[in-house]
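What follows is a single structure, written as structure tokens, with notes after it.
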Amino acid sequence: MLYLYAPQEADVYQALLSRAMPGREVRVWPEPVDAASVRYAVVWGPPPGFFAGMRRLEAVFVLGAGVDKLMARDDLPSSVAVVRLTDAGMAQQMLEYALYGVLHAQRRMGEYQHQQSAAQWRPLPARLASQTRIGVLGLGEIGGKVAMGLATLGYRVRGWSRSGKPLEGVAACKGETGLEDLLADSDILLNILPATADTRGLLNERRLQGLPKGAFIINAGRGEQLDQNAVLGLLERGHLAGALLDVFSEEPLPVSHPLWRHPAVLVTPHIAAMTLPEEAVSQITANLAALVRGEKPAGLVERARGY
Ligand code: GLV
């Protein structure tokens, strides 16, 4: 049996999964099931204790790219395979989101918005894509496509990853020195890293100070990776020009949080790259079939690595 926990569109996922796997019994939370007969689970953010008693559980398919919340729980035995989505329509959305932030910064839209509020007609000097340095943190299935997409549009792109993998049009770097060099050389910093023990707290005040004056930050990774108070402080001091933030250390971002009201900050509610049901189900179906054949599915999480 396959047990589904989807906080949104559960009926859509159930219909798609049942159609894609006609031979398999698909049940949907909160319908009670005999935990011992669950072999596969498809989930996004299941409640604590969800996996209790699922002693024949073989694999959990995650309805997203990030598995940080799942890795942090204690009711999922390490013998269970965890499989996340890889791209599944998210890379294109992430590229669009990044591009929105890049254009906002490069074409000075924040400054023009400010001028508009005072009915000021004041052209500012042009900035070309070829003069705009973008640092991309995270070059996986999603970050890699975003970095290459921005490079294709003429931006000067540098990318930081664990392995320093080379990508077309992207200057690759890795390690602490690579990160420092990238930060010093980024007019726009784009974070798309997975949240792991290594990346939590990565963008702390010290590292953010290494960005050039007037830099713009786009965070579409995870909130825990970016020190939000440091961002506010650096904005106040004029070191940062602005930020486009999609993820926060607490979500939803509390109503009283100053980021909501900062004139140079754009806040979106974790929508940069949303899970698309059709793409997700077709990838999960292929991954489950691979597991059954004894093959390694795309997106199999390496627990020691954390993603
Ligand atoms: C969204 O944040 C995801 O991990 O897919």
Side-chain angles (χ1 to χ4, degrees), residues 4-10 12-13 16-17 41-47 50 59-73 76 81-101 136-147 149 161-162 190-203 217-226 228 243-253 259 266-287 297-303 305-307:
L4 166 72
Y5 181 91
Q8 276 153 20
E9 300 183 280
V12 173
Y13 281 105
L16 289 168
L17 285 163
V42 173
V43 303
W44 183 253
F50 178 81
V60 176
F61 299 89
V62 184
L63 289 171
V67 290
D68 40 306
K69 297 275 184 311
L70 208 60
M71 291 293 103
R73 20 192 324 150
L76 192 58
V82 175
V83 185
R84 62 194 182 85
L85 295 178
T86 56
D87 189 350
M90 281 186 257
Q92 174 65 25
Q93 295 177 71
M94 195 60 98
L95 173 58
E96 292 162 5
Y97 187 88
L99 190 54
Y100 186 89
V136 180
L137 305 180
L139 298 178
E141 285 277 336
I142 297 177
K145 286 187 185 152
V146 172
S161 63
R162 237 167 31 102
L190 169 60
N191 175 42
I192 322 183
L193 285 165
T196 67
D198 293 332
T199 66
R200 227 159 271 132
L202 187 82
L203 297 172
I217 294 184
I218 304 171
N219 191 15
R222 284 290 185 265
E224 298 86 326
Q225 297 161 337
L226 177 68
Q228 294 174 177
L244 168 60
L245 306 175
D246 189 50
V247 288
F248 302 87
S249 49
E250 185 183 346
E251 294 181 10
L253 181 65
L259 282 172
L266 299 168
V267 169
T268 52
H270 202 140
I271 47 71
M274 294 165 88
T275 300
L276 306 174
E278 305 240 347
E279 279 79 351
V281 167
S282 99
Q283 194 171 94
I284 289 168
T285 308
N287 281 338
L300 180 67
V301 172
E302 282 179 38
R303 290 200 183 219
R305 197 174 72 159
Y307 67 97

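Starting from 1, each residue takes its place in the sequence as its number. Atoms within a ligand are numbered from 1 in the order they appear, just like the ligands themselves. Keep in mind it's a predicted model, so treat the numbers as computed, not measured.
- When the shell of 6.0 Å around CD of E96 is examined, it contains more than 12 heavy atoms from other residues, nucleotides or ligands.
- Scanning the protein heavy atoms around atom 3 (C) of ligand 1, the nearest turns out to be A65 N, 3.4 Å.
- Within ligand 1, the atoms closer than 4.0 Å to a non-hydrogen atom of G64 are 5 (O), numbered from 1 in the order shown.
- For A280 against L85, the heavy-atom pair with the smallest separation is CB-CD1, 3.8 Å.
- Here the closest heavy-atom approach between residue E251 and residue V247 is recorded as OE2-CA, 3.2 Å.
- A donor-acceptor pair is defined here as one N or O able to donate and one able to accept, closer than 3.5 Å; no such pair exists between the side chain of R303 and the backbone of M71.
- Considering backbone and side-chain atoms together, W44 places no N or O closer than 3.5 Å to any N or O of ligand 1.
- At least one heavy atom of R222 sits less than 4.0 Å from an atom of ligand 1.
- Screening Q93, E141, E279, M94 for a side chain to side chain contact (heavy atoms under 4.5 Å, CB included) involving D87 leaves a single residue, E141.
- Heavy-atom contacts of M90 reach the following atoms of ligand 1: 5 (O) (cutoff under 4.0 Å).
- Which parts of ligand 1 touch G66 is read off a 4.0 Å heavy-atom cut-off, strictly below it: atoms 3 (C), 4 (O), 5 (O).
- Contact record, L193 with T199: CD1-CG2, 4.1 Å, taken as the closest heavy-atom pair.
- For ligand 1 and H270, the ligand atoms under 4.0 Å from any heavy atom of the residue are 1 (C), 2 (O).
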